**Q** 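One structure is given below, represented as structure tokens, and several questions about it will come after.
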Amino acid sequence: MLFGANWKMNGTPGEALSFLAEMKDRGSRETDADLVFFPPFTLLPLLAESGKEAGIELGGQDLFWMDRGAYTGEISPGMLMDAGAGWFIAGHSERRHVIGETDDVVRKKLEKGLESGLKGILCVGELVDQRERGLTEKVVRRQLESALDGLDIADASNLVVAYEPVWAIGTGLTATPDEAQRMHSLIREWVGEIGGGNVSPEELRILYGGSVKPGNAADILSKTQVNGALVGGASLRAESFSAIVTSIPAEG
Ligand code: 13P
């Protein structure tokens, strides 16, 4: 299992350091699950040591597809690595729908990040009106095709997909565990068909994201197709993030 704490544009240095210290106190080193913390970029260097102590890896919430140059406001994979990150997120719904990133931009970011040796989480998911118009499958398949078709990944285990239905993010609404199971199973099948660079669908980790909380995590994580969660709001406090991590079903 893999759990990501995506803090989005939240958190002070003190809050992030306390989060890692508290996660450690709550046993983050002892879990078999992989844990990754995605704070704002500016906090990454400060957290490198505490992350190691807590057994929690660090990641950037985004990256750019060039190594250096005149790209005001952007951050390169090398800069992320220098800052202590081993992971990045590509195509988070807030970047797609608030900032306006296209499928093409997401593809370039994913490709560059993976090529650079970082591990990447590709986010996919439909908007509420797409869901209501019965377009969920079409939209998610298109997002996967655009990101993965012909992608050459040296180490396929570096790719993780997160299914985050946009209507479930920050709203308190979640896909039912059965809906998540169904979509994850389709995503696995499609990734097998699209066949991006050596990715083995059986081994691909697919996370669910969207209002995951301590109260609903166990039900979602009990589904065989769900390999972890990408958590926003409930990751801001170690108490709730750690409760989500420890709600893995016994055999998980
Ligand atoms: P919430 O858990 O706040 O719904 O956010 C989910 C998310 O966007 C994680 O990347």
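Computed from a predicted model, the values in this text were never measured in an experiment. The chain is numbered in sequence order, starting from 1. Just so you know, ligand 1 is whichever comes first in the structure, and atom 1 is the first atom listed for that ligand.
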**Q** Salt bridge or not between Lys119 and Asp155? Use side-chain N to carboxylate O under 4.0 Å.
**A** no
**Q** What's the spacing between Arg237 CZ and Met23 CE if we round to 0.5 Å?
**A** 12.5 Å
**Q** Could you tell me, atom by atom, which parts of ligand 1 come under 4.0 Å of a heavy atom of Lys8?
**A** 5 (O), 6 (C), 7 (C), 8 (O)
**Q** Can Arg141 and Glu193 be counted as an ion pair, charged N to O under 4.0 angstrom?
**A** yes
**Q** May I ask you to list the atoms of ligand 1 that are less than 4.0 angstrom from any heavy atom of Gly210?
**A** 4 (O), 6 (C)
**Q** Mark up the atoms of ligand 1 that fall under 4.0 Å of a heavy atom belonging to Ala168, in ascending order.
**A** 4 (O)
**Q** Go through ligand 1 atom by atom and flag the ones less than 4.0 Å from a non-hydrogen atom of Asn6.
**A** 9 (C), 10 (O)
**Q** Does any N or O atom in Ser211 lie less than 3.5 angstrom from one in ligand 1, N or O only?
**A** yes
**Q** Measure the distance from atom 9 (C) of ligand 1 to every protein heavy atom, then report the residue, atom name and distance (to 0.1 Å) of the closest one.
**A** Glu164 OE2, 2.9 Å
**Q** Which ligand 1 atoms, with their elements, are less than 4.0 angstrom from a heavy-atom of Gly233?
**A** 1 (P), 2 (O), 3 (O)
**Q** What is the nearest protein non-hydrogen atom to atom 10 (O) of ligand 1, stated with its residue, atom name and distance?
**A** His92 NE2, 2.8 Å
**Q** Taking atom CD1 of Ile206 and atom OG of Ser185, what is their separation to the nearest 0.5 Å?
**A** 8.0 Å
**Q** Based purely on interatomic distance, does Val231 place a nitrogen or oxygen under 3.5 Å from a nitrogen or oxygen of ligand 1?
**A** no
**Q** Run the ring pair (Phe, Tyr, Trp, His ring centres under 6.0 Å) test against Trp7 and tell me which residues pass, sequence neighbours left out.
**A** Phe19, Phe37
**Q** Could you tell me which residues satisfy side-chain contact (heavy atoms from CB on, under 4.5 Å) with Lys108, sequence neighbours excluded, listed by chain and number?
**A** Trp65, Asp104
**Q** Rounded to the nearest 0.5 Å, what separates atom CD in Glu94 from atom CG in Asp62?
**A** 11.5 Å
**Q** Compute the shortest N/O to N/O distance between Ala234 and ligand 1 and return yes if it is under 3.5 Å, no if not.
**A** no
**Q** Under the criterion salt bridge (charged side-chain N to carboxylate O under 4.0 Å, His left out), which of Arg96, Lys109, Arg107 is the partner of Glu101?
**A** Lys109
**Q** Under a 4.0 Å heavy-atom limit, does Ala162 contact ligand 1 with its side chain, its backbone, both, or neither?
**A** neither
**Q** Can you report which non-hydrogen protein atom sits closest to atom 2 (O) of ligand 1, along with the distance?
**A** Gly232 N, 2.9 Å
**Q** Between Gln225 and Tyr163, does a side chain to side chain donor-acceptor pair (under 3.5 Å) hold up when you go through it step by step?
**A** CA-CA 11 Å; Gln225 293 286 336; Tyr163 172 56; over 6 Å; no
**Q** Hey, is ligand 1 close enough to Lys213 that some N/O pair sits below 3.5 Å?
**A** no
**Q** Judged by non-hydrogen atoms, does Gly170 sit under 4.0 Å from ligand 1?
**A** yes
